[in-house]
J.: 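Can you keep this structure in mind? I'll have questions shortly.
Because the structure is predicted, anything quoted here is derived from the model rather than measured. Here is the naming used below: chain letters follow the sequence lines, and residue numbers restart at 1 for every chain.
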Protein chains: 2
Amino acid sequence: MKFFITILCFVTLLFSCNTKQESKAENITETKPQYTQEDYDFLAIGNPNKMSAASKRALRNNYHKNDQWFGTFNNHELKGDIGYEKGVIRRDPTMVIQVNGLYYTWYSKSVGKTYGFGTGDPEKKVFPWDKTEIWYATSKDGWDWKEQGVAITYGPKGAYDDRSVFTPEILAHNGKYYLVYQCVKAPYLNRTFNTVGMSIANSPNGPWKRLEAPILEASKDGEWLGEEDSRFAVKSQGSFDSQKVHDPTLLYYKNKFYLYYKGERMGERNTAGGREIRWGVAIADSITGPYVKSEYNPITHSGHELCVWKYKEGIAMVSSHDGPERQTIQYAPDGINFEIMAYVNWVPSAMGLVTTLDNDKHPTEALSWGLHHMSKNYPGKPWWAGDQYLARFSFSRNRNTKAEFADGYKD
Amino acid sequence: MKFFITILCFVTLLFSCNTKQESKAENITETKPQYTQEDYDFLAIGNPNKMSAASKRALRNNYHKNDQWFGTFNNHELKGDIGYEKGVIRRDPTMVIQVNGLYYTWYSKSVGKTYGFGTGDPEKKVFPWDKTEIWYATSKDGWDWKEQGVAITYGPKGAYDDRSVFTPEILAHNGKYYLVYQCVKAPYLNRTFNTVGMSIANSPNGPWKRLEAPILEASKDGEWLGEEDSRFAVKSQGSFDSQKVHDPTLLYYKNKFYLYYKGERMGERNTAGGREIRWGVAIADSITGPYVKSEYNPITHSGHELCVWKYKEGIAMVSSHDGPERQTIQYAPDGINFEIMAYVNWVPSAMGLVTTLDNDKHPTEALSWGLHHMSKNYPGKPWWAGDQYLARFSFSRNRNTKAEFADGYKD
């Protein structure tokens with residue numbers, strides 16, 4: 001298309017005042033993307049004048065670049081307290097930080113049966129992450145974890161966090177520890193809006209002091225349709241985060257505090273990539289806020305759980321399931337404008353990265369290992385009646401063609 | 001970018017001979033894509049003047065359209081003879097055709113241990129699809145299958161198909177039956193090139209008569225580096241199908257015969273989406289050929305196994321694993337120029353579609369059910385030492401939000 005625009009410009013100029021305009025026309029042609037023979041060769045495009053739509057898209061989307069970002073995630077079982085335990089939910093691990101030689105992680109924990117919505121009893125647990133507290137565990141080697149106890153529980157009755165606190169993320173900054181997490185105020189209905197809270201401690205072992213007010217709220221700028229408790233029935237949807245602000249992740253970046261989060265929208269629709277899910281960022285000069293939502297939100301149109309890390313001057317991320325760009329690794333040189341770097345096949349859920357890795361060594365160094373959660377579903381029950389537990393992931397860079405086509409296998 | 005080109009054209013014209021050129025400049029501005037408020041609303045883009053890179057990409061790639069192409073594949077076990085059987089490989093089912101009320105499918109079948117390359121014994125099986133014949137099975141209901149026996153075995157020693165015949169596809173046309181399939185001539189080495197063969201019968205039960213020569217060959221236009229039997233060591237790679245022409249699928253389309261196939265390339269590289277895999281098409285006026293490779297090849301830059309079907313005036317396809325566009329559903333109005341319609345989470349391997357479905361009823365009607373293969377790997381052994389077996393898939397259109405968030409679950 002750009003090529004045709006350029007031609008059109010050129011022809012227009014030729015037919016108007018061609019003798020004067022040749023040099024300017026040359027300037028214009030420089031705006032056409034210049035692909036090299038090497039680009040065509042990489043993509044096996046034999047004749048650049050006879051390109052299929054797929055070949056044009058391959059060039060436009062840089063399918064011939066960034067292979068160093070590709071790799072394969074692997075899942076490993078943990079030892080100790082935080083692996084699978086029947087009837088116990090442990091999910092959404094934070095980043096893993098190291099303090100005095102000990103690894104720490106925080107996570108959502110709850111027990112008791114999940115009933116779903118509409119039971120008529122407002123006290124009944126509606127989701128695995130309902131009536132959840134934030135617990136923590138420590139490990140010497142990142143494999144064998146010891147559960148240490150509760151870090152943060154619900155706020156007092158009537159407060160913004162009186163029903164559930166969950167999906168925590170940790171930031172250690174200037175000798176203090178900051179947990180950010182989702183909060184739900186009772187009652188927990190389909191149409192409930194949620195908030196992001198923050199608690200602060202001088203030690204990773206606490207005690208934690210919660211802020212009196214949330215640091216981020218759903219925009220609530222859509223309009224429900226009717227009185228039935230359906231989150232899909234709306235007159236208007238509002239912003240990408242009109243109903244939910246999920247999975248907050250706090251990074252210290254460019255001398256500011258970047259609070260990345262997932263938005264869910266009133267009247268959520270289906271898309272060509274499944275659920276309508278997007279991320280935003282809210283930025284503050286001070287770590288406790290105020291956090292101002294970026295004018296450039298939404299900054300993704302995919303990705304169920306947040307996973308972001310600093311890489312060189314920018315921010316890299318992994319988009320897990322949901323949306324057309326599910327299962328991609330992306331990079332934003334400015335922390336806002338993400339471009340797809342790699343397309344992977346499986347992404348662990350709710351990844352918590354390890355903050356002591358040397359991120360800048362390689363684009364995916366930060367993914368070397370970390371924690372995530374797995375789901376154990378039970379026959380005949382819906383997914384949300386299953387248990388979740390923590391596990392460890394690793395990332396194999398690129399393909400290992402040697403292993404893939406190993407010679408002379410003997411058993 | 002288009003917008004900037006347009007502006008540049010406009011400014012250039014203004015500064016050269018502005019009074020004459022305004023109407024032409026207006027024509028040029030019409031080449032800018034016009035997005036509606038509805039487009040912005042769907043994508044939750046609050047301020048079109050402050051769009052993130054992701055929002056621009058969402059508009060450009062139509063993330064707000066084509067949700068009717070989205071869905072979820074499900075796997076089901078079959079009854080009868082062609083499900084899992086230890087030590088037996090059954091894989092790559094053809095499309096399912098119905099003749100006299102009976103469903104038919106053909107598939108690659110082999111027995112015996114797979115050793116991989118480099119054993120020093122050229123008779124040893126190197127892959128699950130080495131030393132494979134084409135067998136067939138029938139079913140009254142598509143669930144309970146009866147294996148009927150071999151349809152096509154190796155050709156005579158020294159022929160193009162003397163080592164293995166596999167990945168069959170069927171076309172019933174004008175009362176005759178045409179099987180197309182991959183052929184390997186001994187010895188089977190890492191650097192072996194392969195071909196596509198064809199056999200013809202008057203009945204789906206045979207007897208099958210093979211053509212004396214392949215109908216398609218690898219382009220062989222790269223150059224190996226050194227003498228070691230490595231398919232990764234090359235001086236030059238050549239075309240997208242320089243080493244392999246895999247997974248042939250024959251469709252009667254626009255009064256011609258479209259032979260879609262997967263190419264593998266000498267010196268295969270890694271990409272940002274994993275393996276370098278592309279599809280091509282070769283077209284013939286007569287069903288037995290000659291098949292002429294399209295000048296527009298490659299027509300995809302992703303997709304491990306072929307899965308194509310006629311939908312309205314064009315050809316739809318599913319791209320399984322491998323490449324940046326793995327796990328997508330695409331559509332080409334002309335059978336050549338494929339655009340991505342939906343992004344799905346899991347794609348069954350080597351799908352065989354059912355030819356009696358009413359494809360035009362819905363974009364994914366052709367995916368309602370069909371056959372595919374599953375892999376059973378054994379602990380401590382590489383994937384290629386495992387068994388493959390046939391299974392059935394179904395496709396759930398879009399999301400079922402009712403089921404997903406079912407009210408009041410009781411167990």
J.: Check the side chains of B:Tyr343 and A:Glu325 for a donor-acceptor pair under 3.5 angstrom, ignoring hydrogens and angles.
T.: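 Looking only at side-chain atoms, B:Tyr343 and A:Glu325 do not form any donor-acceptor pair under 3.5 Å.
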J.: With a 4.5 Å cut-off on heavy-atom pairs, point out which of B:Thr300, B:Asn345, B:Leu43 contacts chain A the most.
T.: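 Winner by heavy-atom pair count: B:Leu43.
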J.: Under 4.5 Å, counting heavy-atom pairs only, tell me which of A:Arg57, A:His64, A:Glu295, A:Lys124 racks up the most with chain B.
T.: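 Highest number of pairs under 4.5 Å: A:Arg57.
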J.: Against chain B, work out which of A:Trp346, A:Phe240, A:Phe338 has the most heavy-atom pairs shorter than 4.5 Å and name it.
T.: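 The candidate making the most pairs under 4.5 Å is A:Phe338.
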J.: Under 4.5 Å from any heavy atom of chain A, what part of B:Arg326 do you find: side chain, backbone, both or neither?
T.: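 Both parts, heavy atoms under 4.5 Å.
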J.: If you round to the nearest 0.5 Å, how far is OH of A:Tyr63 from OG of A:Ser55?
T.: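 Reported value, rounded in 0.5 Å steps: 11.0 Å.
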J.: Relative to chain A, which segment of B:Ile340 carries a heavy atom at a distance below 4.5 Å: side chain, backbone, both, or neither?
T.: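 When you check distances to chain A, atoms from both the backbone and side chain of B:Ile340 fall under 4.5 Å.
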J.: Measure the acute angle between the ring planes of B:Phe127 and B:Trp383, then classify it against the limits of 30° and 60° as parallel, tilted or perpendicular.
T.: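 B:Phe127 and B:Trp383: parallel rings.
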J.: Please check this pair: side chain of B:Trp279 against backbone of B:Gly303, looking for a donor-acceptor N/O pair closer than 3.5 Å.
T.: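 The answer is yes, because a donor-acceptor pair under 3.5 Å joins these two groups.
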J.: Specify which of B:Asp67, B:Thr328, B:Val344 makes the most heavy-atom pairs with chain A at under 4.5 Å.
T.: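 Looking at each of B:Asp67, B:Thr328, B:Val344 in turn, B:Asp67 comes out on top.
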J.: Which bit of A:Ile329 comes within less than 4.5 Å of chain B, counting heavy atoms only: side chain, backbone, both or neither?
T.: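 A:Ile329 has no heavy atom closer than 4.5 Å to chain B.
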J.: Ignoring hydrogens and angles, state whether a donor on the side chain of A:Asp221 or A:Ser219 is under 3.5 Å from an acceptor on the partner side chain.
T.: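 Judged by distance alone, the side chains do pair up.
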J.: Out of B:Thr271, B:Asn66, B:Asp241, which one racks up the most heavy-atom pairs below 4.5 Å with chain A?
T.: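 The candidate making the most pairs under 4.5 Å is B:Thr271.
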J.: Name the region of B:Tyr378, side chain, backbone, both or neither, that has any atom closer than 4.5 Å to a heavy atom of chain A.
T.: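 Contact with chain A involves no heavy atom of B:Tyr378 at all.
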J.: Within the distance-only criterion (no hydrogens, no angle test), does the side chain of A:Asp334 pair as donor or acceptor with the backbone N or O of A:Asn337 below 3.5 angstrom?
T.: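 Judged by distance alone, yes, a pair lies under 3.5 Å.
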J.: Considering residues at least two apart in sequence or located in another chain, which fulfil the salt bridge (Lys or Arg N to Asp or Glu O under 4.0 Å) criterion with A:Lys65?
T.: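 Listed in chain order: nothing, the list is empty.
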J.: Can you say whether B:Gln330 sits under 4.5 Å from chain A via the side chain, the backbone, both, or neither, judging by heavy atoms?
T.: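 Just the side chain, heavy atoms under 4.5 Å.
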J.: Among B:His321, B:Arg265, B:Gln327, B:Gln237, which residue forms the greatest number of heavy-atom pairs with chain A at distances under 4.5 Å?
T.: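 Answer, by heavy-atom pair count under 4.5 Å with chain A: B:Arg265.
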J.: Identify which of B:Pro324, B:Ala342, B:Gly273 forms the greatest number of heavy-atom pairs closer than 4.5 Å to chain A.
T.: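 So the answer, after comparing B:Pro324, B:Ala342, B:Gly273, is B:Pro324.
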J.: Any non-hydrogen side-chain atom of A:Glu276 less than 4.5 Å from a side-chain atom of A:His301?
T.: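 Heavy-atom side-chain distance check fails, nothing below 4.5 Å.
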J.: Taking A:Asn47, A:Ile336, A:Asp41 one by one, which has the highest count of heavy-atom pairs under 4.5 Å against chain B?
T.: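 Ranked by heavy-atom pairs under 4.5 Å with chain B, first place is A:Asp41.
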J.: For A:Asn297, does its backbone N or O pair with a side-chain atom of A:Arg278 as donor and acceptor, under 3.5 Å?
T.: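 Here the side-chain-to-backbone pair does not exist.
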